[in-house]
J.: 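Let me give you the structure first, and then I'll get to my questions.
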Amino acid sequence: MLQMLIKRKKGRTHNEDRNLALLLATTAGILNAMALGAFGIFPSHMSGNTSQISSEVSNSDLGDLSFLAAIIIAFVVGSMASRMLVISGIRNNIRTIFSIILLLEGIALAMMSLFEKFYYSHANNREVIVFLGFLMGLHNSTSTQLSNGRVRSTHITGTLTDAGIALGSLLCVSLRRDPSRDLRGHSSQLFTHLVTIVSFLGGGICGLLLFQLFGFNSMIAIGIFLTLVAVLSISATVYQVRRRALSTC
């Protein structure tokens, strides 16, 4: 299962993408709901934040307008940072680059949550939400690149669209009863999208409940969990590489 975080030369399987969705879409849903419980806003809801900007423009509220713009910019910067790290990792033949990004995200999330646990202040809320927007952009971009666009961990609107497209393709192939068409491929793709959607939804439900019960301790736990998964993935990959090297000697 840890191999789902490794980009290999051969194509990825749908099982790897589904495992990736279970990990990253679930944790994205959890973090999104925790942010709602802590700060009253969804840091990954870019469609809603963009739509709200038009409302703030009409109300001439520059404070809220700049805040919403900052969240969107932070999300884009997070996506951009992930892409730059991936390109650098590919150029330097770092197979564990996606695990390293997840490691950095987990550490950053844990440190931010620790700060909020001991120094929480309403005065810092907007800065923390903007930082969470950056992490969500990093998170979503990492899953999108790793799965070649098949798993978008925070972008549920796009995933629902992809699921609708896959379902439409599946129905057309089924109605035509054309054996030359890729019936299994469309079915597998639809199932992957459904796993992503259900994972995000389930994570959101759990996230809100966890934050109500444990507060920022639950957010710290998610950061530690992501860090551990990344470390285990890196360790497993390094072990396999060394084992292969020894077997060829």
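All values reported here derive from a predicted model rather than from experimental measurement. Along the sequence shown, residues are numbered consecutively beginning with 1.
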J.: Nearest 0.5 Å please: distance from the CE atom of M34 over to the CD atom of Q212.
T.: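 One gets 10.5 Å once the value is rounded to the nearest 0.5 Å.
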J.: Does any non-hydrogen side-chain atom of L170 lie less than 4.5 Å from one of S187?
T.: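 Yes - at least one pair of side-chain heavy atoms lies under 4.5 Å apart.
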J.: Give the C-alpha distance, both sets of side-chain angles, the deciding distance and a yes or no for side-chain contact (heavy atoms from CB on, under 4.5 Å) between Y120 and N125.
T.: CA-CA 8 Å; Y120 176 83; N125 279 2; 3.4 Å; yes
J.: T196 and A25: which non-hydrogen atoms are nearest, and at how many Å?
T.: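 The pair with the smallest heavy-atom distance is O-CB, 3.7 Å.
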J.: Regarding T192 and R150, do their side chains bring together a donor and an acceptor under 3.5 Å, going by distance alone?
T.: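 No, because no side-chain N or O of T192 sits under 3.5 Å from a partner of the opposite role on R150.
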J.: If hydrophobic clusters are built by linking Ile, Leu, Val, Met, Phe, Trp and Tyr wherever their side-chain heavy atoms come under 4.5 Å apart, do L109 and I220 end up in the same one?
T.: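 They do not share one cluster, since no chain of ILVMFWY contacts under 4.5 Å joins L109 to I220.
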J.: With rounding to the nearest 0.5 angstrom, report the CD1 to CG distance, I165 to L190.
T.: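 I165 CD1 to L190 CG: 11.5 Å, rounded to 0.5 Å.
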J.: Rounded to the nearest 0.5 Å, what separation is found between the OG1 atom of T159 and the NE2 atom of H193?
T.: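 With rounding to 0.5 Å, OG1 (T159) is 7.0 Å from NE2 (H193).
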J.: Check for a donor-acceptor pair, side chain of R126 on one end and backbone N or O of A123 on the other, with a separation under 3.5 Å.
T.: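 Side chain of R126 to backbone of A123: no pair is present.
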J.: Please tabulate, for side-chain N and O atoms in residues 128-143, each donor-acceptor pair with protein atoms closer than 3.5 Å (sequence neighbours left out).
T.:
from	atom 1	to	atom 2	distance (Å)
H139	ND1	E105	OE1	3.1
H139	ND1	E105	OE2	2.7
H139	NE2	L24	O	2.7
H139	NE2	T27	OG1	3.4
N140	OD1	S153	N	3.0
N140	OD1	T154	N	3.0
N140	OD1	T154	OG1	3.3
S141	OG	S79	O	3.2
S141	OG	Q145	NE2	2.9
T142	OG1	S82	OG	3.0
T142	OG1	L138	O	2.7
S143	OG	N140	O	3.0
S143	OG	V151	O	3.2
S143	OG	S153	N	3.2
S143	OG	S153	OG	3.2

J.: When rounded to the nearest 0.5 angstrom, what is the spacing between CG in L36 and OG in S44?
T.: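 Interatomic distance, L36 CG to S44 OG, rounded to 0.5 Å: 10.5 Å.
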J.: Check whether T13 reaches the backbone of E16 with its side chain - one donor and one acceptor, N or O, closer than 3.5 Å.
T.: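 Between the backbone of E16 and the side chain of T13 there is a qualifying donor-acceptor contact (under 3.5 Å).
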J.: Specify the closest pair of heavy atoms between S199 and A21, including all atoms of both residues, with the distance to one decimal.
T.: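 Scanning both residues, the minimum pair turns out to be CB-O, 3.7 Å.
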J.: Going from CG on L104 to CG on L85, what distance comes out if it is rounded to the nearest 0.5 angstrom?
T.: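 Atom-to-atom, L104:CG and L85:CG are 7.0 Å apart.
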J.: Please report the C-alpha distance between Q189 and H14 in whole Å, then the side-chain angles of each, then the deciding distance to 0.1 Å, and finally whether the side-chain contact (heavy atoms from CB on, under 4.5 Å) criterion is met.
T.: CA-CA 7 Å; Q189 188 63 62; H14 281 284; 3.5 Å; yes
J.: Check the hydrophobic clustering (I, L, V, M, F, W, Y; side-chain heavy atoms under 4.5 Å; chains of links allowed) and say if I107 and V231 are grouped together.
T.: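 Same cluster: I107 reaches V231 through Ile, Leu, Val, Met, Phe, Trp or Tyr contacts under 4.5 Å.
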J.: Between T26 and F200, is a side-chain contact (heavy atoms from CB on, under 4.5 Å) present by the stated rule, with each step listed?
T.: CA-CA 5 Å; T26 300; F200 187 86; over 6 Å; no
J.: Please give me the minimum heavy-atom distance between S113 and M219, naming the atom from each residue.
T.: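 Scanning both residues, the minimum pair turns out to be OG-CG, 3.1 Å.
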J.: Check whether I197 and L31 end up in the same hydrophobic cluster, where Ile, Leu, Val, Met, Phe, Trp and Tyr are linked by side-chain heavy atoms less than 4.5 Å apart.
T.: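 Different hydrophobic clusters.
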J.: Assess whether side-chain contact (heavy atoms from CB on, under 4.5 Å) is satisfied between V229 and L103, documenting all intermediate values.
T.: CA-CA 8 Å; V229 170; L103 174 65; over 6 Å; no
J.: Indicate yes or no: at least one non-hydrogen side-chain atom of F67 is less than 4.5 angstrom from one of E127.
T.: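 When only atoms from C-beta onward are counted, E127 and F67 do not touch, as no gap falls below 4.5 Å.
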J.: Within the distance-only criterion (no hydrogens, no angle test), does the side chain of N32 pair as donor or acceptor with the backbone N or O of A28 below 3.5 angstrom?
T.: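 Checking the backbone N and O of A28 against the side chain of N32, no donor-acceptor pair under 3.5 Å is found.
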J.: Tell me whether T227 contacts the main-chain N or O of G223 through its side chain, where contact means a donor paired with an acceptor under 3.5 Å.
T.: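 Side chain of T227 to backbone of G223: a pair is present.
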J.: Does L102 belong to the same Ile/Leu/Val/Met/Phe/Trp/Tyr cluster as I90, with side-chain heavy atoms less than 4.5 Å apart forming each link?
T.: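 Yes.
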J.: So, taking the atom named CG in N148 and the one named CG in D17, what distance separates them when rounded to the nearest 0.5 Å?
T.: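 The distance works out to 7.5 Å.
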J.: Linking I/L/V/M/F/W/Y whenever any side-chain heavy atoms sit under 4.5 Å apart, do M80 and I101 land together?
T.: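 Yes, one cluster joins them.
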J.: Does the side chain of I234 reach to within under 4.5 Å of the side chain of F98, using non-hydrogen atoms?
T.: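 They are not in contact (no side-chain heavy atoms under 4.5 Å apart), so the answer is no.
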J.: Would you say the ring centroid of F216 lies under 6.0 angstrom from that of F211?
T.: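 When the ring centroids of F216 and F211 are compared, they turn out to be within the sub-6.0 Å range.
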J.: Kindly give the heavy-atom pair with the smallest separation between S233 and L5, and that separation in Å.
T.: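 Minimum heavy-atom separation between S233 and L5: OG-CB, 3.7 Å.
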